[in-house]
Participant: 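Provided herewith is a single structure, encoded as C-alpha cells, for subsequent inquiry.
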Amino acid sequence: MDPSQAKERIETLRADLHRHNHNYYVLNSPEISDKDFDMLMKELEKLEKEFPQFDDPLSPTKRVGSDLTKGFEHVIHARPMMSLSNSYSIEEVDDWFIRVRKALEGEDFDIVGEMKFDGTSISLTYSHGRLVRAVTRGDGTQGDDVTANVKTIRSIPLQLQPGDWPEEFEIRGEILMPWEVFERLNAERAYNEEPLFANPRNAASGTLKMQDSREVARRHLDARFYYLLSDDLPADNHYANMEAAARWGFKVSKAMRLLHSLEEVNDYVDYWDVHRKELPVATDGLVFKVNSLRQQLNLGFTAKSPRWAIAFKFNPENACTRLRFVSFETGRMGIVTPVANLEPVLLSGTIVKRASLHNDDIIRELDIHEGDWLYVEKGGEIIPKITGVEVSRRDPEATPIRFVDRCPVCGTPLVRIFGEAAWCCPNHYGCRPQITGKIEHFCARRMMDIDGIGEETAELLFDCGLVERIADLYDLTPEQLQKLDRLGEKSAKRIIDGIEQSKKVPFERVVYALSIPNVGETTAKRLASSVKNMDTMQAMSVEELTSIPDVGPVIAQCIYDFLRDPVNIDNISRLRAAGVQMSLSEEKLAPKGTSLEGKSIVISGVFAHHSRDEYKDLIEREGGKNVGSISKKTSFVLAGENMGPSKREKCEKLGIPMISEDEFLGMIAETSN
C-alpha cells in the first residue's frame, strides 16, 4: 500500500471508529459486534505504525470511547480505568502467557481466571466501611457520578459489616442486568412498541444513566466485582484480595480460579465456553490476570491497557437455516414490522423459529431473497438476530423480499415515518391490531389495571362490536359480557369491578394509558406532574410542551397532534364524563407548606435520608423551585456528601449558602426518619 492509499484508508477507519464509538458509548446502540470493532481498531493501529507521517492526536487509537452523559456530575478517577487488550483465540492467550513469562525472566507466576461479565463498568469508593461514591468508567480518566442510582442495587453493600477492610479503598466491577430481568423488560418494551434493548449490557448501561432512581430500583440491577485498589490492601496478590472482598459482602464470581500453568488456562477456556450459558447473567468472555501485585507492577502498562491482563472474547453462537417466509405484523401504534419465519434451529439451548428483521432498510442491506439460507445468532445470547445470507445456496430463480406497501391487516397504504426507517399504517382508528392493542394497553396492570381484559378478551370485545374505543369500556354492562364466549358471571363481574376501580387510577397513569405516540411511562409521569391536568395539556402549544423536561420537539409534536384529533378529543371527553381522573390528585397538587416559598434551590451530592428525586418533590411541595445550576439568583445549595469541588468553589465565589441535609430537614420541620 502506497502512502496515498494508506492515508485514505486511515481517514476512513478513523471516521468509522469515531462513529462506532459514539454509537456504543453515548447512544448505547452499537451497529457492529465487539469483534468487528476490535478488528477495525487493530487495522488502524497497524497502518498508523507503518505510516507515522499521518499521526493524529485525535485518532481513535489515542483514546477510548466515552459514556459521559449530561445531567450527571463528572468525577476524575483517582486511578485511571484502563481497558484490556482483547483476544479471540486460545493461540492469542498463549502468546500473551509466553510474553508474561519472558518479561518476568523465568520467575514463577500464577494466573487468575475470571468471567468477563457483559455489563457496564463501575468504580465504587468506600470510606470507613461506607459507600461514598459510584462512578462510571466514562473515558477512563473521568466518569459520571451515579451514586444515587447505584444505591438502589440491593446486591451492593452500602455499609460493610465489621472486618479487615481498609479505611479507604476502591473496588471495580460490572453493573449487570440478569437475564430474567432483561427478558421481562424487553417484553414490556415490545408490548409498548418501544425499541428493544439489543442485550443486557445496553439495558444495564441505559438503566444506570436514568434520571429517576426509582425506575432504576424497579429494574433490579445486579453487580459483580473483580478488582480491589487501596494503599492498604489486605494481601499482596489479586486472588486473596478478591476473597477478602467476598468476605466483606461484595459479589465476587465463584467462577474465579487460581491457575498455575498454560494447560490450566486452556482448560479453563474450554470449560467456560460451554458452561457460561448456565449463568444467570450475560458474559462475553474471560479475563486472565497475573496474580502477584508485585509482578503486575513490574509488567506495567501500555498506553491503553495493562500488560499483566488480557481478555478472551467468546464468539457468539450462530447457525445457518432456511427462510420459510417473511410475515409483516402491525402493532398497537401502527408500525409494521417484518419477521423472518425460519426452519427451526437449536441456538444457545433454545429452538429459534422467528427473528425480527426490524424494518425495510435491514431487508435491503442484507439483500434477502425468497427461500434464502440465513445466518442467525443470539444477540446478547437471547434475541435472535439475522446477521447475513449464504448467497452460495440461493436459488437462481429466487426473487428479493419486498416490503409491503399496504397494511397486511386493513389494506391501507403505508406511510414512511419522517426521519426513521419505519413504515406505519395511518388507519389508527380502523385497523384491528391497532384498536385491540390500544384496548389491551389501556387495561394493563401498570396503566388502568382492569383485571380480566388481556389480548384475547380485547379482541373478543372488538369483534363483538362492544368496544371500538377505550371509552366504550365504561359503557359495558354485566349482561353484555355474560353473553360472550369464554366469559361467565364471575368473569363479567371481575371486569366490571375493574372498570369501576380504574376511575381511581391517578392522572399520570391515565396519560400513559392513552397510547400517545412516543410517550412511555416515565415521560407520562413527567408530563402529568408538569401540566397538572388534561385541560392544560390540551391547550398547550408545541413550544410549551417542548419546555417540559424529557419532552423534545418530536414528542411534543406527537402529543400536540394526538390531543387535536377529533377521535381522541371525543375519547378523552367521554373518559372524563365516566369519572376517569383527568388531573393530579388534591394531595399531589396541594403544597404541604410554604417554608421554601420564593426560593431557588440547587441539589448537589449524595444523601442519606432521601433520594435526590424525593428532595426535588419535597422542595416543590414546600413552595420552592428546583434549579439545575448555581447563579446569583440561587437561594442556597442543598449539599450532600461528596458535593463536586467546582460547585463548592462557585458557591464560595458567589456567596451562596450551602445547607447540609440535616439542616435542610430542620428548615422544613421534617424529622430524619
Side-chain angles (χ1 to χ4, degrees), residues 70-71 189 191-195 211-212 215 330-336 407 412-431 433-435 437-439 441-442 444 446-448 468-472 505-578 580-585 588-589 620 628:
K70 291 181 179 178
R189 294 176 73 86
Y191 177 74
N192 293 324
E193 295 191 26
E194 297 172 339
Q211 299 292 331
D212 186 347
E215 180 64 16
T330 305
R332 171 173 61 95
M333 304 307 289
I335 304 298
V336 176
C407 175
T412 302
L414 302 181
V415 295
R416 185 83 177 239
I417 297 179
F418 180 75
E420 297 183 23
W423 287 87
C424 178
C425 171
N427 185 20
H428 299 304
Y429 309 111
C431 181
Q434 295 190 61
I435 297 171
K438 289 181 176 69
I439 296 169
H441 174 81
F442 185 83
R446 288 170 58 196
M447 294 66 162
M448 304 303 285
E468 293 186 5
R469 304 285 180 267
I470 53 177
D472 294 338
V505 167
F507 177 53
E508 58 269 26
R509 283 170 55 188
V510 175
V511 174
Y512 182 33
L514 291 175
S515 289
I516 303 173
N518 290 313
V519 175
E521 185 174 16
T522 301
T523 303
K525 288 179 181 177
R526 185 60 60 89
L527 189 61
S529 65
S530 298
V531 303
K532 313 301 184 189
N533 59 71
M534 182 58 70
D535 289 337
T536 300
M537 185 162 35
Q538 287 179 306
M540 294 176 78
S541 65
V542 173
E543 291 73 19
E544 289 171 325
L545 289 165
T546 305
S547 68
I548 297 172
D550 296 338
V551 177
V554 173
I555 297 177
Q557 189 66 54
C558 288
I559 298 168
Y560 182 86
D561 293 342
F562 180 90
L563 295 176
R564 276 154 186 77
D565 188 295
V567 173
N568 295 325
I569 292 172
D570 178 67
N571 223 4
I572 291 170
S573 176
R574 291 175 58 201
L575 290 172
R576 181 187 283 110
V580 173
Q581 300 297 312
M582 289 295 165
S583 65
L584 291 178
S585 64
K588 290 186 177 181
L589 284 171
E620 290 180 357

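The structure displayed is predicted, hence computed values, not measured ones. For reference, positions follow the sequence shown, starting with 1.
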Participant: For Thr536, what residues pass the side chain to side chain donor-acceptor pair (under 3.5 Å) criterion, not counting sequence neighbours?
Facilitator: Asn533
Participant: For His441, enumerate each residue passing the ring-ring contact (aromatic ring centres under 6.0 Å, His included) test, keeping only those at least two apart in sequence or located in another chain.
Facilitator: Tyr191, Tyr512
Participant: For Ile569, enumerate each residue passing the side-chain contact (heavy atoms from CB on, under 4.5 Å) test, keeping only those at least two apart in sequence or located in another chain.
Facilitator: none
Participant: Quick one: list whatever passes side-chain contact (heavy atoms from CB on, under 4.5 Å) with Ile435, sequence neighbours left out.
Facilitator: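 Partners of Ile435 under the side-chain contact (heavy atoms from CB on, under 4.5 Å) test: Ile439, Phe462, Arg469.
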Participant: Going by heavy atoms in the side chains, are Leu514 and Met534 under 4.5 Å from each other?
Facilitator: yes
Participant: Please enumerate all residues that pass salt bridge (charged side-chain N to carboxylate O under 4.0 Å, His left out) together with Asp535, with sequence neighbours excluded.
Facilitator: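 Salt bridge (charged side-chain N to carboxylate O under 4.0 Å, His left out) check on Asp535 returns Arg576.
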Participant: With sequence neighbours left out, what residues match Pro426 under side-chain contact (heavy atoms from CB on, under 4.5 Å)?
Facilitator: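 Checked Pro426 against side-chain contact (heavy atoms from CB on, under 4.5 Å); matches are Thr412, Val415.
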Participant: Taking only residues two or more places apart in sequence, or in another chain, which ones meet Asn571 in a side chain to side chain donor-acceptor pair (under 3.5 Å)?
Facilitator: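 Asn571 satisfies side chain to side chain donor-acceptor pair (under 3.5 Å) with no other residue.
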Participant: Using the side chain to side chain donor-acceptor pair (under 3.5 Å) criterion, which residues pair with Glu508? Sequence neighbours excluded.
Facilitator: Lys588
Participant: The criterion is salt bridge (charged side-chain N to carboxylate O under 4.0 Å, His left out); which residues satisfy it with Glu544, sequence neighbours excluded?
Facilitator: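 Salt bridge (charged side-chain N to carboxylate O under 4.0 Å, His left out) list for Glu544, sorted by chain: empty.
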Participant: Glu468: which residues meet the side chain to side chain donor-acceptor pair (under 3.5 Å) condition with it, sequence neighbours left out?
Facilitator: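 Once residues adjacent in sequence are excluded, Glu468 has no partner under the side chain to side chain donor-acceptor pair (under 3.5 Å) criterion.
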Participant: Using the side-chain contact (heavy atoms from CB on, under 4.5 Å) criterion, which residues pair with Asp570? Sequence neighbours excluded.
Facilitator: Arg574
Participant: When you compare the side chain of Thr523 with that of Ile516, does any pair of heavy atoms fall below 4.5 Å?
Facilitator: no
Participant: By the ring pair (Phe, Tyr, Trp, His ring centres under 6.0 Å) test, which pairs, at least two apart or in different chains, include something from residues 519-546?
Facilitator: none
